[in-house]
Amino acid sequence: MGDKAITEWRIEDYNRLSSQLGKQTGVYLSVNTLKRIFGRLKTPQRYFPQKATRDALSQFIGYRDWQEFELVFATLKIENVTSISTDQENDIEVPKDTKVPRLVVAIFAALVLVILAIVFFWKNTAESMQVKLVCENPFGSVPHTAVFKLNSKVSFDENEEYQVDFMDEALVSSIKGKNKITKFFRNPGVVYATLLYHNKPIDTASAYMQTKGWVANSGNDTSRAFPIAGLKSLDPKNIYVSPKQLDSAGLDTHKPFVVGFSNIKPSHINGDNFSFSCKIFAEQSRPGTQCVETTIIILGEKHRHLLKLNRRSCVAFSEYKFSEVRVLGSEQFLGALAFNPENGGEVMIKVENKQASVVLNGKKVLFTKYQRSIGKVMGIKILFNGIGKAVSPELHDLSTHETF
């Protein structure tokens with residue numbers, strides 16, 4: 001980077017280093033991050049670079065990653081100490097005109113800077129990883145405006161920026177320090193907001209848009225929601241809305257649309273130990289929609305289970321997700337999940353101690369396991385691409401027998 005001392009660096013010097021570092025390693029560090037590393041930008045707490053930054057700095061000076069740099073540097077120190085000790089014991093005279101090459105000095109100086117940067121960064125990373133995402137008002141009706149903020153039991157850099165991912169419910173937003181994020185949610189259900197630090201998830205907070213029993217809403221896309229029948233409770237033994245009700249809600253039934261039935265409320269039912277059953281009726285097809293899907297979602301406090309069913313010619317669009325385990329029909333043939341509810345079909349989902357099975361029309365078609373608990377059951381959603389009907393859905397805890 002030249003002979004200019006770091007104390008004399010200007011903004012263009014940091015930009016040049018960031019550019020060269022990015023071109024060589026693919027990691028672009030901001031000017032402020034570089035200033036923190038070199039001690040030119042003061043922070044309330046000691047600053048420690050994260051592993052990706054340490055790896056990039058190590059690669060920039062010729063090493064594969066930080067681990068290799070540590071290993072080589074530790075070996076060099078041992079070899080140097082051994083060499084000096086041997087020279088002293090054998091009383092070997094070192095020629096007076098021996099000079100240390102400037103390249104070696106530069107490399108050594110760079111290594112020292114990297115070590116200092118890492119030492120400063122470790123503590124900062126540890127503190128950042130302890131930051132939690134909190135929803136100030138997690139429970140609401142439909143629609144609901146939720147407020148999110150950061151919280152930590154230890155002090156952390158309030159200038160450090162985090163991101164919050166709201167999945168499909170809202171755009172990703174940035175947050176830092178004492179700032180807050182306000183989000184508007186229009187549909188019944190549970191929103192899982194994930195806190196990201198340098199694109200890595202470190203915490204999750206949830207918001208619950210509750211209903212009074214089973215309600216219906218619909219839409220032609222994700223940007224608009226049409227509450228049906230004023231979100232009044234539907235008959236749980238015959239959950240259905242007619243084309244006339246859809247038209248009265250303002251929905252254009254000549255375009256593809258989705259009808260969703262939701263029952264959202266807190267419970268004590270274990271989301272890793274329950275049984276769900278329901279009889280499903282759905283259209284065979286409708287104009288503009290070749291594949292009429294049926295989707296069943298069990299919403300937990302932390303994660304969810306999802307089962308997306310199609311008739312055999314459309315199983316490429318089928319999907320199942322049990323907590324962190326997700327399989328798409330576009331990536332794996334899910335012919336066993338072929339399901340045609342035109343004349344009615346029985347669906348059963350059973351989860352015992354994080355072991356999930358699916359039974360369609362009395363036949364067991366799927367078994368899988370997962371690791372991450374979804375917590376207590378907080379809701380059920382049944383979705384149709386078109387008009388559909390759910391008859392007497394039932395979910396109960398296998399241990400306590402509590403019914404949702």
Checklist entry - Between Ser173 and Lys183, does a side chain to side chain donor-acceptor pair (under 3.5 Å) hold up when you go through it step by step? => result CA-CA 10 Å; Ser173 299; Lys183 291 294 182 181; 2.8 Å; yes

Next on the checklist: Minimum heavy-atom separation for Phe367 and Gln355, please, with both atom names.
Outcome noted: CZ-OE1, 3.2 Å

Item to check | Donor-acceptor contact below 3.5 Å, side chain Gln245 vs main chain Ser242 | outcome: yes

Next on the checklist: Could you check whether any side-chain N or O of Asn137 sits under 3.5 Å from a backbone N or O of Val147, counting only pairs where one atom can act as donor and the other as acceptor?
Outcome noted: yes

Checklist outcome for this item: ring pair (Phe, Tyr, Trp, His ring centres under 6.0 Å) filter on Phe148, not counting sequence neighbours, yields Phe166

Next on the checklist: So which atom in Asp203 and which in Val131 form the shortest heavy-atom distance, rounded to 0.1 Å?
Outcome noted: CB-O, 4.3 Å

Item to check | Nearest atoms (heavy-atom pairs only) where Ile239 meets Pro393 | outcome: CD1-CG, 3.6 Å

Item to check | Separation between CE of Met348 and NZ of Lys279, rounded to the nearest 0.5 Å | outcome: 15.5 Å

Item to check | Nearest heavy-atom neighbours spanning Ser323 and Tyr370 | outcome: CB-CD1, 3.4 Å

Next on the checklist: Keeping Ser218 on the side-chain end and Val258 on the backbone end, is there a donor-acceptor pair under 3.5 Å?
Outcome noted: yes

Next on the checklist: If you compare all heavy atoms of Val391 against all heavy atoms of Cys278, which two are closest, and at what distance to 0.1 Å?
Outcome noted: O-SG, 3.7 Å

Item to check | Pair Val241-Leu246, side-chain contact (heavy atoms from CB on, under 4.5 Å): steps then yes or no | outcome: CA-CA 7 Å; Val241 289; Leu246 293 174; 4.1 Å; yes

Checklist entry - Just wondering, are more than 12 heavy atoms of other shown residues or ligands nearer than 6.0 Å to CZ in Phe317? => result no

Next on the checklist: Using modelled atom types and a 3.5 Å cut-off, is there a donor and acceptor pairing between side-chain atoms of Asp397 and backbone atoms of Asn270?
Outcome noted: yes

Next on the checklist: Quick check on Glu324: does its CD atom have over 12 non-hydrogen neighbours (other residues, nucleotides or ligands) under 6.0 Å away?
Outcome noted: yes

Checklist outcome for this item: For residues 291-302, the salt bridge (Lys or Arg N to Asp or Glu O under 4.0 Å) pairs (sequence neighbours left out) are none

Checklist entry - Just wondering, do Ile37 and Leu57 contact through their side chains at under 4.5 Å, heavy atoms? => result yes

Checklist entry - Does one side chain, of Lys381 or Thr295, offer a donor that lies under 3.5 Å from an acceptor on the other? => result no

Checklist entry - Would you say Tyr240's side chain and Lys389's backbone share a donor-acceptor pair under 3.5 angstrom? => result no

Checklist entry - Quick check: are there more than 12 heavy atoms from other residues, nucleotides or ligands sitting under 6.0 Å from NZ of Lys265? => result yes

Item to check | is_close_aromatic(His305, Phe322), centroid dist under 6.0 Å | outcome: yes

Item to check | Ser58 side chain reached by Phe60 side chain, heavy atoms, under 4.5 Å | outcome: no

Item to check | CG-CD distance between Leu196 and Glu161, expressed to the nearest 0.5 angstrom | outcome: 11.5 Å

Item to check | CE-OG1 distance between Met167 and Thr194, expressed to the nearest 0.5 angstrom | outcome: 7.5 Å

Item to check | side chain to side chain donor-acceptor pair (under 3.5 Å) against Asn273, all qualifying residues, sequence neighbours excluded | outcome: Ser399

Checklist entry - Below 4.5 Å, heavy atoms only, C-beta onward: do Asp252 and Phe257 meet side chain to side chain? => result no

Next on the checklist: Quick one: does any side-chain atom of Ser152 pair with a main-chain N or O of Val154 as donor and acceptor, under 3.5 Å?
Outcome noted: yes

Next on the checklist: Check this for me, if you would: do Lys176 and Glu158 make a salt bridge, where the nitrogen-to-carboxylate-oxygen distance has to be below 4.0 angstrom?
Outcome noted: no

Item to check | Steps toward side-chain contact (heavy atoms from CB on, under 4.5 Å) verdict (Leu234, Val215) | outcome: CA-CA 6 Å; Leu234 303 173; Val215 300; 5.7 Å; no

Checklist entry - Could you go step by step and tell me if Val164 and Val172 meet the side-chain contact (heavy atoms from CB on, under 4.5 Å) rule? => result CA-CA 6 Å; Val164 182; Val172 175; over 6 Å; no

Next on the checklist: Is the shortest side-chain heavy-atom distance between Ser373 and Lys354 below 4.5 Å?
Outcome noted: yes

Checklist entry - Sub-3.5 Å donor-acceptor pair from the side chain of Thr211 to the main-chain atoms of Ile264, do we have one? => result yes

Checklist entry - Does the side chain of Leu337 come within less than 4.5 Å of Phe339's, by heavy atoms? => result no

Checklist outcome for this item: Interatomic distance, OG1@Thr400 vs CD1@Ile269, rounded to 0.5 Å, equals 6.5 Å

Checklist entry - Do the non-hydrogen side-chain atoms of Trp214 and Ile382 ever get within less than 4.5 Å of each other? => result yes

Checklist entry - Under a 4.0 Å N-O cut-off, is there an ion pair linking Glu169 with Arg186? => result no

Checklist entry - Any side-chain heavy-atom pair from Glu160 and Tyr197 closer than 4.5 angstrom? => result yes

Item to check | salt bridge (Lys or Arg N to Asp or Glu O under 4.0 Å) between Lys180 and Glu136, worked out | outcome: CA-CA 10 Å; Lys180 295 182 179 181; Glu136 291 187 334; 2.8 Å; yes

Next on the checklist: Any donor-acceptor pair under 3.5 Å linking the side-chain atoms of Ser267 with those of Lys376?
Outcome noted: no

Next on the checklist: If only side-chain N and O atoms count, and only distance matters, is there a donor-acceptor pair under 3.5 Å linking Asp272 with Asn353?
Outcome noted: no

Checklist entry - Between Ser318 and Lys308, does a side-chain contact (heavy atoms from CB on, under 4.5 Å) hold up when you go through it step by step? => result CA-CA 5 Å; Ser318 297; Lys308 187 178 292 185; 5.5 Å; no

Checklist outcome for this item: Distance col, row Thr253:OG1 vs Asp247:CG, nearest 0.5 angstrom, shows 6.0 Å

Next on the checklist: Just verifying a value: how many Å separate Cys314 SG and Leu334 CG, rounded to the nearest 0.5 Å?
Outcome noted: 13.0 Å

Item to check | pair Tyr162-Ile202: side-chain heavy atoms closer than 4.5 Å | outcome: yes

Checklist entry - If you look at every heavy atom in Ser206 and Val190, which pair is closest and at what distance? => result CB-CG1, 4.2 Å

